[in-house]
Amino acid sequence: MRLTGKGKAKDIYLADNGDIIFEFTDRVTAFDGAKKAQYPHKGKVCCSLTAYWFRVLEEKGIPTHFKEKISTNRMRVANLKILPVEVIWRNYVAGSLWRRFETGEIKLPECTEAREGALIPGGMIEFTTKFEAVDRPISTKEILDSGWMTENELDHISQITDKINDIMFNHLLRKDILLADFKIEFGRAPDGKILLADEVGTPDGCRFWDRNAFIRGELLSLDKDVFRKNKGDLSAAYIAIHNRILKE
Ligand code: TMP
Ligand code: ASP
């Protein structure tokens, strides 16, 4: 097994049989790496949650590259060619959507109130670049013009993302957690099939809000916003959301 790459939070190894091993580290970054730290337990929380969600999604018919969890913070996945776009699904106004609205860069979707925490009726999908120094939003036209994927593949990815949202949103609602938004990635297998890849359903790649606080009018973050906005100890927040999601 040899190290082939280091992401912001994961180390990536190539196994002797050609599979990929993800090692989820305790590194945390935000704002394109401008803010960095290490928090104990973070790696094992994200590894455990990603394995959990890959299994839940596979059971509901979403093909993923997951093979097996091999230790508390490592998993084996199939080696795919990762598509150069990150896919973001939003159910509520938050994060960079709210920021871009406030600076006048964008309009909010139709029938969406202009406030942080407002529901986006029907949700919305966005795409950002993946392999550029700083991720930036891109249009579907730019994705197609760049030849990164075909129109059929883009439609397929959009439909799968909508389905993943339905599955995760409803699953989390039963635990009184609102899925405000999330980011996922896809890869292409040697046979051309597109599979869900990387990390899914973790507090690094999703915004989770406490539903009871939301009903009281408060946005209580159970995810990396705790770190981005200096709202408390990341280790404690990650262990709490992990246990809440895994509890039957
Ligand atoms: P954003 O509001 O900053 O655009 O983020 C939307 C969602 O995507 C949020 O749940 C965090 C996640 N995300 C990542 O996982 N990685 C990234 O690099 C970015 C920008 C967002
Ligand atoms: N994941 C990105 C970073 O590491 C952005 C973010 O989550 O805020 O900078």
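In listed order, ligands and their atoms are each counted from 1.
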Open item on the list: Working to the nearest 0.5 angstrom, can you tell me the gap between Gln38 CD and Lys36 NZ?
Closed with: 11.0 Å
Open item on the list: I'd like to check which ligand 2 atoms, numbered from 1 as shown, lie under 4.0 Å from a non-hydrogen atom of Arg228.
Closed with: 6 (C), 7 (O), 8 (O)
TODO: Please identify which atoms of ligand 1 are closer than 4.0 Å to at least one heavy atom of Gly205.
DONE: 10 (O), 12 (C), 15 (O)
TODO: Answer yes or no: is there an ion pair linking Lys130 with Glu132, defined by an N-O contact shorter than 4.0 Å?
DONE: no
- [ ] Just jot down the ligand 1 atoms closer than 4.0 angstrom to any heavy atom of Asp204, in number order.
- [x] 15 (O)
Task: Protein heavy atom at shortest distance from atom 9 (O) of ligand 2 - done: Asp32 N, 2.4 Å
TODO: Kindly confirm or rule out an N or O of Ser96 lying under 3.5 angstrom from an N or O of ligand 1.
DONE: yes
Extract all donor-acceptor atom pairs below 3.5 Å that involve side chains of residues 45-57 and protein atoms in other chains or at least two apart in sequence.
unit_1 : atom_1 : unit_2 : atom_2 : d
Ser48  : OG     : His242 : NE2    : 2.7
Thr50  : OG1    : Cys46  : O      : 2.8
Tyr52  : OH     : His171 : NE2    : 2.6
Trp53  : NE1    : Gly201 : O      : 3.0

Task: Interatomic spacing from CZ in Arg228 to OG in Ser221 - rounded to 0.5 Å - done: 9.0 Å
Open item on the list: With the threshold set strictly below 4.0 angstrom, can you tell me whether any protein non-hydrogen atom sits that near atom 20 (C) of ligand 1?
Closed with: no
Open item on the list: What's the separation between atom CG in Asp32 and atom CZ in Arg136, rounded to the nearest 0.5 Å?
Closed with: 12.5 Å
Task: Test item, Arg228 contacting ligand 1 (heavy atom, 4.0 angstrom) - done: yes
Task: Identity and separation of the nearest protein heavy atom to atom 2 (C) of ligand 2 - done: Lys8 NZ, 3.9 Å
Task: Nearest non-hydrogen protein atom, atom 8 (O) of ligand 1 - done: Lys183 CB, 3.3 Å
TODO: To the nearest 0.5 Å, tell me how far Arg90 CZ sits from Thr112 OG1.
DONE: 12.0 Å
Task: Listed once per pair and sorted, the salt bridge (Lys or Arg N to Asp or Glu O under 4.0 Å) pairs that draw on residues 236-248, sequence neighbours left out - done: Asp210-Arg244
- [ ] Please determine if Lys8 has a nitrogen or oxygen closer than 3.5 Å to a nitrogen or oxygen of ligand 1.
- [x] no
- [ ] Report yes if some N/O of Arg100 lies less than 3.5 Å from some N/O of ligand 1; otherwise report no.
- [x] no
Task: Heteroatom distance test (Lys224, ligand 2): nitrogen or oxygen, under 3.5 angstrom - done: yes
- [ ] Test side chain to side chain donor-acceptor pair (under 3.5 Å) on Lys10 and Asn73 and set out the steps.
- [x] CA-CA 10 Å; Lys10 289 198 285 305; Asn73 71 333; over 6 Å; no
Open item on the list: Taking 4.0 angstrom as the limit and counting only heavy atoms of Gly95, give me the atoms of ligand 1 inside it, by number and element.
Closed with: 2 (O)
Open item on the list: Give me the residue, atom name and distance of the protein heavy atom closest to atom 6 (C) of ligand 1.
Closed with: Arg207 NH1, 3.6 Å
TODO: Among all protein heavy atoms, pick the one closest to atom 10 (O) of ligand 1 and tell me residue, atom and distance.
DONE: Asp181 OD1, 2.5 Å
Task: Closest protein heavy atom to atom 3 (C) of ligand 2, given as residue, atom name and distance to 0.1 Å - done: Thr29 OG1, 3.3 Å
Task: Protein contact for atom 12 (C) of ligand 1 (heavy atom, distance under 4.0 Å) - done: yes
TODO: Indicate, as side chain, backbone, both or neither, the part of Lys35 found under 4.0 angstrom from ligand 2 when only non-hydrogen atoms are considered.
DONE: neither
Open item on the list: Within the structure, is a non-hydrogen atom of Arg90 found at a distance of less than 4.0 Å from ligand 1?
Closed with: yes
Task: Nearest-contact summary for atom 18 (O) of ligand 1 - protein heavy atom, Å - done: Asp135 OD2, 3.5 Å
Task: From CD1 (Ile20) to CE (Met75), nearest 0.5 Å - done: 13.0 Å
- [ ] Quick one: do Tyr13 and Phe22 satisfy ring-ring contact (aromatic ring centres under 6.0 Å, His included)? Show the steps, please.
- [x] CA-CA 7 Å; Tyr13 295 87; Phe22 283 154; over 10 Å; no
TODO: Mark yes or no for whether Ser146, through its side chain, and Trp148, through its backbone, hold a donor-acceptor pair below 3.5 Å.
DONE: no
TODO: Can you measure from CG (Asp204) to NZ (Lys224) and round to the nearest 0.5 angstrom?
DONE: 4.5 Å
Task: Over-ring placement of Lys44 relative to Phe24, 6.0 Å and 45° cut-offs - done: no
Open item on the list: Counting non-hydrogen protein atoms only, what is the nearest one to atom 17 (C) of ligand 1? Give residue, atom name and distance.
Closed with: Glu86 OE1, 4.0 Å
